[in-house]
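Accompanying notes for the structure given below.
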Amino acid sequence: MTVPAEWAPHAAMWVGFPSHLDLWEEHLEEAREETAGLCRALADVGAEQVKLLACGADATSAAAELLRGTRGIDIIDTVFGDIWLRDTGPIFTAEAEAVAFAFNGWGGKYRFAGDDGIAETIARRARARLSRAGFVLEGGALDHDGEGTALATRQCLLNPNRNRGWNEQRAEAALAEALAVRKILWLDQGLLNDHTDGHVDNLARFLAPGIVACPMAFGPDDPNQHAYDRAAAALAMTTDAAGRALRVVRVPSPGRQIDEQHRSLPASHMNFLIANGAVIVPTYEDFAARLAREALAGEFPGRRVIGLPARALLSGGGAFHCISQQQPA
């Protein structure tokens, strides 16, 4: 039941479309535009069959209007809580199976009607066999190399607000049984003010077996400099499940990004999405965006690396990786 790496071929890419005014408020229209931009890039450059989930007639109509004339996108009107399909949707394995996990709103912070059912909806529409694991897990809490190695943070995976009593050994045993994870590469803290309690897909990502990307602080006031450097040092000193020493690629961060109340936001270029023919990097009107794309382009010679705005999506707590889930071919 191995989880394929994200760079393995996809049959489809599932994406959530911002649908609820009460959740997005003044950011709704811009978040919809950013999501539509992602979908167009996935279909036109990424060679993906996009399955775009919209909730309700208004959202479905808005998605159809924004994506008018774009081929390769199926808009599906269905019930879901919010767009974070990486966390609420299933994780697909290489054996045409979709694994669903208990979801408790990122440790009880946010619970929306429809979150509990979206994994089953996606599995049914993907014609995948659904299995259920008996513990709490969000997909963004792990990143996979396709060979049984996974990245995770202790801050999230061992947080008692998910699975009380978990330690590294219990987490490793549970993930070995549910997803055939052979080794977890443990990092400590995620990004400041990340309401997911430090999802690893904002901190470190596999680029290939034995190669991991990790941010490098950009600007003198980057609030995550310590977390970045600590993660990079830990990765440089470990080996994966195959016994390979890791090569760590440092990618410039967006630097300090703040909201209307001047609080630091968990902006990350690590929330990129690997498509069949492209790598799509979230940008935040930041000066390091071009440098981040160049760093990643050197690691993906067969794919076009694209930067697209994700500032409105960030207002909801995530970016492109968070609102999507790949279905292996």
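Quick caveat: nothing in here was measured; it's all calculated off a predicted structure.
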Checklist line | Test salt bridge (Lys or Arg N to Asp or Glu O under 4.0 Å) applied to Glu147 - qualifying residues, sequence neighbours left out | finding: Arg244
Next item on the list: Kindly say whether Asn202 contributes a backbone atom to a donor-acceptor pair with the side chain of Asn271 at under 3.5 angstrom?
Entry: no
Checklist line | Verdict with supporting geometry, Arg256 and Gln225, side chain to side chain donor-acceptor pair (under 3.5 Å) | finding: CA-CA 10 Å; Arg256 177 174 163 82; Gln225 179 175 356; over 6 Å; no
Checklist line | Side-chain (Thr35) to main-chain (Phe17) donor-acceptor, under 3.5 angstrom | finding: no
Next item on the list: Can you measure from CZ (Phe80) to CG (Leu53) and round to the nearest 0.5 angstrom?
Entry: 6.0 Å
Next item on the list: Inspect the contact between Arg125 and Glu120 and indicate whether a charged nitrogen and a carboxylate oxygen are less than 4.0 angstrom apart.
Entry: no
Check: Between the side chain of Gln325 and the main-chain N/O of Pro90, is any donor-acceptor distance below 3.5 Å?
Finding: yes
Check: Where the side chain of Glu29 meets the backbone of Glu26, is there a donor-acceptor pair that is under 3.5 Å apart?
Finding: no
Check: Is the closest side-chain heavy-atom distance between Leu158 and Glu168 below 4.5 Å?
Finding: yes
Note to self: Between Asp74 (side chain only) and Lys51 (backbone N and O only), is there a donor and an acceptor less than 3.5 Å apart?
What the structure shows: no
Next item on the list: Check step by step if side-chain contact (heavy atoms from CB on, under 4.5 Å) holds for Leu175 and Ile184.
Entry: CA-CA 9 Å; Leu175 292 172; Ile184 297 177; 3.5 Å; yes
Notebook entry, point to check: Is it true that a side-chain atom of Asp229 and a backbone atom of Ala232 form a donor plus acceptor pair closer than 3.5 Å?
Noted result: no
Notebook entry, point to check: Linking I/L/V/M/F/W/Y whenever any side-chain heavy atoms sit under 4.5 Å apart, do Leu308 and Leu67 land together?
Noted result: yes
Notebook entry, point to check: If only atom types and distance count, is the side chain of Asp286 paired as donor or acceptor with the main-chain N or O of Tyr284 below 3.5 Å?
Noted result: yes
Next item on the list: Establish, yes or no, whether a centroid distance under 6.0 Å links the rings of His144 and Phe206.
Entry: no
Check: So, His321 versus Glu6: side-chain donor-acceptor pair below 3.5 Å or not?
Finding: yes
Note to self: Do the side chains of Glu172 and Arg182 get close enough for a salt bridge, i.e. N-O under 4.0 angstrom?
What the structure shows: no
Checklist line | Residue pair Ser253 / Asp222, side-chain donor-acceptor N/O under 3.5 Å | finding: yes
Margin query: Apply side-chain contact (heavy atoms from CB on, under 4.5 Å) to residues Tyr228 and Leu191 and explain how you reach the verdict.
Written below: CA-CA 9 Å; Tyr228 297 154; Leu191 271 59; 4.0 Å; yes
Next item on the list: Might you work through the side-chain contact (heavy atoms from CB on, under 4.5 Å) test for Leu142 and Leu179, ending with a clear yes or no?
Entry: CA-CA 11 Å; Leu142 299 175; Leu179 297 173; 4.0 Å; yes
Checklist line | Asp188: partners by side chain to side chain donor-acceptor pair (under 3.5 Å), with sequence neighbours left out | finding: Arg154, Arg230
Item checked: Parallel, tilted or perpendicular: ring planes of Phe135 versus Trp166, cut at 30 and 60 degrees -> tilted
Margin query: Could you walk me through whether Arg205 and Glu299 satisfy the salt bridge (Lys or Arg N to Asp or Glu O under 4.0 Å) test, starting with their C-alpha distance in whole Å, then the side-chain angles of each, then the deciding distance to 0.1 Å, before giving a yes or no?
Written below: CA-CA 12 Å; Arg205 299 284 306 281; Glu299 303 298 328; over 6 Å; no
Checklist line | Trp106 side chain to Asp197 side chain, donor-acceptor N/O pair below 3.5 angstrom | finding: no
Check: Hey, what do you get for SG (Cys39) to CD (Glu34), rounding to the nearest 0.5 Å?
Finding: 12.0 Å
Margin query: Does this structure show an ion pair linking Arg40 with Asp44, if we count only N-O contacts that are shorter than 4.0 Å?
Written below: no
Next item on the list: Answer yes or no: is there an ion pair linking Asp87 with Lys109, defined by an N-O contact shorter than 4.0 Å?
Entry: no
Notebook entry, point to check: Is there a donor in the side chain of His10 and an acceptor in the side chain of Gln327, or the other way round, less than 3.5 Å apart?
Noted result: no
Item checked: Any donor-acceptor pair under 3.5 Å from Asp82 side chain to Phe112 backbone -> no
Margin query: When you compare the side chains of Trp84 and Asp115, does any donor N or O come within less than 3.5 Å of an acceptor on the partner?
Written below: no
Next item on the list: Supply the atom-to-atom distance Leu185 CG to Thr153 OG1, rounded to the nearest 0.5 angstrom.
Entry: 12.5 Å
